[in-house]
Amino acid sequence: MEIAQNYMGPGATKTMIRINENACVSGTIIVNREGFPETTTLDSLTAATYSTHMRNLSYHASNALKEIDVTDELVVLRLVSKKTEAAVAPDDEFHLIVVMRRQAK
(Lines give C-alpha, C1' and ligand atoms only; values in the text may rest on other atoms or scores of the structure.)
Protein backbone atom coordinates (compact mmCIF):
# COMPACT_ATOMS: atom_id res chain seq x y z
CA MET A 1 0.00 0.00 0.00
CA GLU A 2 3.01 2.32 0.34
CA ILE A 3 3.31 2.54 -3.43
CA ALA A 4 -0.36 3.47 -3.67
CA GLN A 5 0.29 6.33 -1.29
CA ASN A 6 3.35 7.47 -3.28
CA TYR A 7 1.51 7.38 -6.60
CA MET A 8 -1.90 8.59 -5.56
CA GLY A 9 -1.34 10.68 -2.46
CA PRO A 10 -1.89 10.14 1.26
CA GLY A 11 -5.56 9.14 0.97
CA ALA A 12 -4.84 6.31 -1.47
CA THR A 13 -4.24 3.66 1.17
CA LYS A 14 -7.56 4.39 2.87
CA THR A 15 -9.31 4.40 -0.49
CA MET A 16 -7.86 1.02 -1.51
CA ILE A 17 -8.79 -0.49 1.85
CA ARG A 18 -12.32 0.88 1.52
CA ILE A 19 -12.65 -0.51 -2.03
CA ASN A 20 -11.41 -3.94 -0.93
CA GLU A 21 -13.90 -4.05 1.96
CA ASN A 22 -16.73 -4.40 -0.55
CA ALA A 23 -17.86 -8.04 -0.62
CA CYS A 24 -17.98 -8.11 -4.43
CA VAL A 25 -14.39 -6.91 -4.90
CA SER A 26 -11.91 -9.68 -5.67
CA GLY A 27 -8.96 -7.33 -5.64
CA THR A 28 -7.32 -4.11 -6.75
CA ILE A 29 -4.18 -3.46 -8.75
CA ILE A 30 -2.09 -0.33 -9.21
CA VAL A 31 -0.13 -0.54 -12.45
CA ASN A 32 2.86 1.74 -13.01
CA ARG A 33 3.65 3.68 -16.19
CA GLU A 34 5.69 0.78 -17.58
CA GLY A 35 2.78 -1.64 -17.14
CA PHE A 36 3.96 -3.56 -14.09
CA PRO A 37 1.66 -4.19 -11.11
CA GLU A 38 3.11 -2.19 -8.21
CA THR A 39 0.52 -2.82 -5.52
CA THR A 40 -2.07 -5.55 -5.62
CA THR A 41 -4.32 -7.61 -3.41
CA LEU A 42 -4.43 -10.40 -6.01
CA ASP A 43 -1.88 -13.12 -6.71
CA SER A 44 0.98 -12.03 -8.98
CA LEU A 45 -0.08 -14.04 -12.07
CA THR A 46 -3.65 -12.74 -11.97
CA ALA A 47 -2.44 -9.19 -11.36
CA ALA A 48 0.02 -9.38 -14.28
CA THR A 49 -2.66 -10.76 -16.60
CA TYR A 50 -5.22 -8.09 -15.70
CA SER A 51 -2.54 -5.38 -15.86
CA THR A 52 -1.48 -6.29 -19.37
CA HIS A 53 -4.93 -6.71 -20.85
CA MET A 54 -6.75 -3.87 -19.11
CA ARG A 55 -3.97 -1.39 -19.95
CA ASN A 56 -4.17 -2.44 -23.60
CA LEU A 57 -7.96 -2.17 -23.64
CA SER A 58 -7.92 1.25 -22.00
CA TYR A 59 -5.24 2.44 -24.45
CA HIS A 60 -7.33 1.35 -27.45
CA ALA A 61 -10.55 2.72 -25.95
CA SER A 62 -8.85 6.04 -25.28
CA ASN A 63 -7.57 6.23 -28.86
CA ALA A 64 -11.00 5.37 -30.25
CA LEU A 65 -12.57 8.05 -28.07
CA LYS A 66 -10.03 10.63 -29.30
CA GLU A 67 -10.94 9.77 -32.91
CA ILE A 68 -14.58 10.39 -32.12
CA ASP A 69 -13.99 13.62 -30.18
CA VAL A 70 -10.46 15.01 -29.66
CA THR A 71 -11.59 17.06 -26.68
CA ASP A 72 -12.90 14.05 -24.75
CA GLU A 73 -10.92 11.88 -22.34
CA LEU A 74 -11.35 8.34 -21.02
CA VAL A 75 -12.06 8.37 -17.28
CA VAL A 76 -13.08 4.76 -16.53
CA LEU A 77 -13.31 1.67 -18.69
CA ARG A 78 -15.62 -1.03 -17.42
CA LEU A 79 -15.57 -4.59 -18.74
CA VAL A 80 -18.44 -6.86 -17.71
CA SER A 81 -18.63 -10.60 -18.33
CA LYS A 82 -20.92 -13.31 -16.98
CA LYS A 83 -18.63 -14.08 -14.04
CA THR A 84 -16.54 -10.98 -13.38
CA GLU A 85 -16.39 -7.26 -13.84
CA ALA A 86 -13.24 -5.18 -14.14
CA ALA A 87 -12.90 -1.42 -14.11
CA VAL A 88 -9.76 0.50 -14.97
CA ALA A 89 -9.17 4.17 -14.25
CA PRO A 90 -6.25 5.26 -16.45
CA ASP A 91 -3.87 8.08 -15.60
CA ASP A 92 -0.52 9.28 -16.95
CA GLU A 93 1.37 7.94 -13.92
CA PHE A 94 -0.62 4.78 -13.08
CA HIS A 95 -3.73 2.73 -13.78
CA LEU A 96 -6.05 1.62 -11.00
CA ILE A 97 -7.80 -1.68 -11.75
CA VAL A 98 -10.62 -3.08 -9.64
CA VAL A 99 -11.73 -6.69 -10.22
CA MET A 100 -15.16 -7.70 -8.95
CA ARG A 101 -17.30 -10.83 -8.85
CA ARG A 102 -20.67 -10.52 -10.53
CA GLN A 103 -23.60 -11.03 -8.20
CA ALA A 104 -26.14 -13.71 -9.13
CA LYS A 105 -29.52 -12.29 -10.06
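Small disclaimer: the values here were computed from a predicted structure and weren't measured.
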Contact summary for S26 and R101, nearest pair of heavy atoms: OG-NH1, 3.1 Å
Identify, with sequence neighbours excluded, every residue that meets side-chain contact (heavy atoms from CB on, under 4.5 Å) alongside [X].
X	answer
R78	V80, E85
T40	I29, L42, A47
L45	D43, T49

N/O donor-acceptor pair under 3.5 Å between [X] side chain and [Y] backbone:
X	Y	result
D91	H95	no
R55	V31	no
S58	M54	yes

Flag the pair R33 / E93 as yes when at least one side-chain heavy-atom distance between them is below 4.5 Å, and no otherwise. yes
Any side-chain heavy-atom pair of V88 and L57 under 4.5 Å: no
Which residues pass the side chain to side chain donor-acceptor pair (under 3.5 Å) test with N63, not counting sequence neighbours? Y59
Going by the rule side chain to side chain donor-acceptor pair (under 3.5 Å), which residues pair with S44 if we only count those two or more places apart in sequence or in a different chain? none
Rounded distance [0.5 Å steps], [atom1] in [X] versus [atom2] in [Y]:
X	Y	atom1	atom2	result
E34	S51	CD	OG	12.5 Å
T28	I17	OG1	CD1	10.0 Å
L74	L65	CG	CG	6.5 Å
I30	F94	CD1	CZ	6.5 Å

Residue pairs, two or more places apart or on separate chains, that pass salt bridge (charged side-chain N to carboxylate O under 4.0 Å, His left out) and touch residues 59-73: none
Reference residue T41; test side-chain contact (heavy atoms from CB on, under 4.5 Å); the match among V25, V99, N20: N20
